[in-house]
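Some notes on the structure that comes next.
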Amino acid sequence: MSRILEKLADQHEERIINVLYKLENDVVNEITRATKGNLVSQRLAIQLQPRLRTIIESTFLNEADLFINDDYNKIAKETLDTFGKMPIPAKFKNLTDVDLATINALKTQSFSGFEDIAERFLKVINDEVYQSTIAGRPFNDMVSNIKSHINGVYKSSNTREINELVDFVNENKFDSAKKAQVEDAVRKLHTQYASDRAGNNLRRYASQIAHDSVMQFHGQFTVAKAKASGLNHFTYTGTLVRDSREFCVNMLNRTLTEEQIRDMWNNRAWQGKSTGDPFIVRGGYRCRHTWIPTDPAWGEETVDELPTEEEAFDETLNVKNPSSLTNKIKLDDIKPVSIGFLTNKLNKQFKENAKDERYPRDGKGKEVLKYNESLERRRNNEPIAVAEFKDSSGKKRDFKWSEKDYGVVEALMQELDELAIKYDVPKLRGINVEKGHIASMGDGVLNLNVRFNILERTGTEVTKWKKGSAVFDRPFTADSFFEDKLDKIRTTFYHEFGHHIHQQKFVKDAGDYYLPPVETELKKLRRFRGGSATRYAEQNKYEWFAENFTLYELGKTELVDPKFLKFLEEKVL
Amino acid sequence: MSKLFDEASEILGLERDLTLQDYKRFKEIEKNITENEERNFAWLLEGLSLRLPEIAQKEGNYDWVEPEN
């Protein structure tokens, strides 16, 4: 999905969510005004119906009408811009009278989707009011139910904690860096505070339709233009998010004929698939992908094989060890996974991550590389964006990854992906083996030494050192502040990711890649030694950054050098 | 920590760009590191790996990098 589409879909969803609070407020005010806060009579319940309809029309439907009329032209322009870049006759690149008629018809169709749910929930609210008269339901209970029908657990409340959670969700719902915290807040709303949860509500459907209408309008107009232009091949495009459907993960960047797409649509099912035309509903509700027309004759795309059922339902896409920054998995919860599961899963992710434009490429499309490990792989004709785990033979004994160790890597890589979003750097594009070092980081590739990064071989030192204790008693590295074996391995992953941040943050081109902006700022830093909690942080500025970053992100904020916090705030965030 | 370890640590702490001579001395020290310093020295090697581009920039390549044990 293009950034414009993504932005519009999110904006419309946000606007609808906001207007639902006005709707909730106006409906409650109208009912309160009409009843003066008393039990509703049957006569009054019927008299209220046209007034409630007017409120829905002037708030919810009015807002939908506004953004459909204003913004859907931008979506049409986005489609025309895409066609404008294609090597097709000029007549297919321009806006035609037929296009205008199509756009208007599609706008009407989109608006009718909003009308349908407005009608449906108007009936729900009317029923609630009327049934309250029959059942003699107290006024406050009726109002609470109506609020729930409109905004579900996000309804306005008299409880401060609930309102704070709702505000947090509403303010940060579209901030990818706070996705994990938002998910936590939503979970809390549903579990801790939702004793009066009212099932499906207008907000749920309305926000979904606001999002999907943008995508569906784009899908329909694009297909109409493609057919008019004689194009019948399509590439599934967009970006993957953590909860992307298996269908979308497997189809991404595949180019298929219309016949292949329709055949697959008619013969396969997947979780989240919705009914409708494959070009319009794509992966399903809230899908962020689009079918973009292409032609293999242009030499840019080749027609792919349809993914097999097995590929389409690849079990490696499941998460066996879920973990996040706000809900980090515990050692006891780690489930063993096979090497095949882990490498297949990571290889798919790395292949996508490697496309990130913040990893610069040269004029021939090759990755710009800086570090020896990656350059050596290139010299050996080995891929960069790949996951490899090799055992190692030592002088006295061999060191081997266990399936539980692979489970640890699966879990920790999810946390690193979240850190990438949080710090706005590209996600890692490879994991490789390391023989001498504990681990290392460079070119977006994490190199791990099996000798030191398996549960059986973590460090054993645990310290109680705190700020104010003797400096010479400081532990060598941050892992000593943690007892748990998983936490100790986690510190290494986070340390290496700290390096990834100073190597990648603000990098826009090959010039930046060789002289990273954050590293330039680090070089200017004076007197970084003396304030860190580990001796390794004293080695040089890169290690100072990585060690303090580790302690900061793993919650040991009392141990973090205040200078690091200042640097992070001023030069990184 | 041993004197050898401290010497390697000092090389890694140099503010200027590292040179091929620094690297060679570091790798020489590595051969004489005792088993009880192995883990911490593996961290120093981690730090060194990040600074190899400084040497590569001067040398024009990575041909001088010694194979790892």
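Proteins get letters first, then strands, A, B, ... in listed order; numbering begins at 1 in each.
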- Which region of A:Thr477, side chain (C-beta onward) or backbone (N, CA, C, O), has a non-hydrogen atom less than 4.5 Å from a non-hydrogen atom of chain B, or is it both or neither? side chain

- Top residue by heavy-atom pair count (under 4.5 Å) with chain A, among B:Leu14, B:Asn61, B:Leu44? B:Leu44

- For the atom pair CG (A:Asn540) and CZ (B:Arg51), what is the distance rounded to the nearest 0.5 Å? 5.5 Å

- How many angstroms lie between CH2 in B:Trp43 and OG1 in A:Thr534, if you round to the nearest 0.5 Å? 9.5 Å

- Query: Are B:Glu38 and A:Arg451 within salt-bridge range, i.e. N to O under 4.0 Å?
  - Reply: yes

- Message: As an exercise, state the distance from CZ of B:Arg39 to CG of A:Asp479, rounded to the nearest 0.5 Å.
- Response: 6.5 Å

- Query: Any side-chain heavy atom of A:Asn447 sitting closer than 4.5 Å to one from B:Glu46?
  - Reply: no

- Indicate yes or no: at least one non-hydrogen side-chain atom of B:Leu48 is less than 4.5 angstrom from one of A:His437. no

- Message: Counting only heavy atoms not in B:Glu66 (residues, nucleotides, ligands), do more than 12 fall under 6.0 Å from its CD?
- Response: yes

- Query: So, B:Phe5 versus A:Phe476, ring centres under 6.0 angstrom or not?
  - Reply: yes

- Query: Does the A:Asn372 side chain pair with the main chain of B:Tyr62, one donor and one acceptor, at a distance under 3.5 Å?
  - Reply: no

- Query: At a heavy-atom separation under 4.5 Å, does A:Thr460 approach chain B through its side chain, its backbone, both, or neither?
  - Reply: neither

- Query: Are A:Tyr514 and B:Gln57 linked by a side-chain donor-acceptor pair shorter than 3.5 Å?
  - Reply: no

- Item | Top contributor to chain B interface from A:Gln503, A:Glu496, A:Lys523 [non-hydrogen pairs under 4.5 Å] | A:Glu496

- Task: Determine the minimum heavy-atom distance between B:Leu50 and A:Tyr371, stating which atoms define it.
- Result: O-CE2, 3.8 Å

- Worked check of side chain to side chain contact (heavy atoms under 4.5 Å, CB included) between B:Ile11 and A:Gln539: CA-CA 9 Å; B:Ile11 293 172; A:Gln539 287 296 329; over 6 Å; no

- Message: If we count only N and O atoms by modelled type, under 3.5 Å, do the side chains of A:Glu373 and B:Ser49 hold a donor and an acceptor together?
- Response: no

- Message: For A:Phe389, I'd like to know if atom CZ has over 12 heavy atoms of other residues, nucleotides or ligands within 6.0 Å.
- Response: yes

- Query: If you count the non-hydrogen atoms of other residues, nucleotides and ligands that lie under 6.0 Å from NZ in A:Lys464, is the total more than 12?
  - Reply: no

- Task: With a 4.5 angstrom heavy-atom cut-off, could you sort out which part of A:Tyr536 is near chain B: side chain, backbone, both or neither?
- Result: side chain

- Query: Take atom CZ in A:Arg379; do more than 12 heavy atoms of anything else shown fall under 6.0 Å from it?
  - Reply: yes

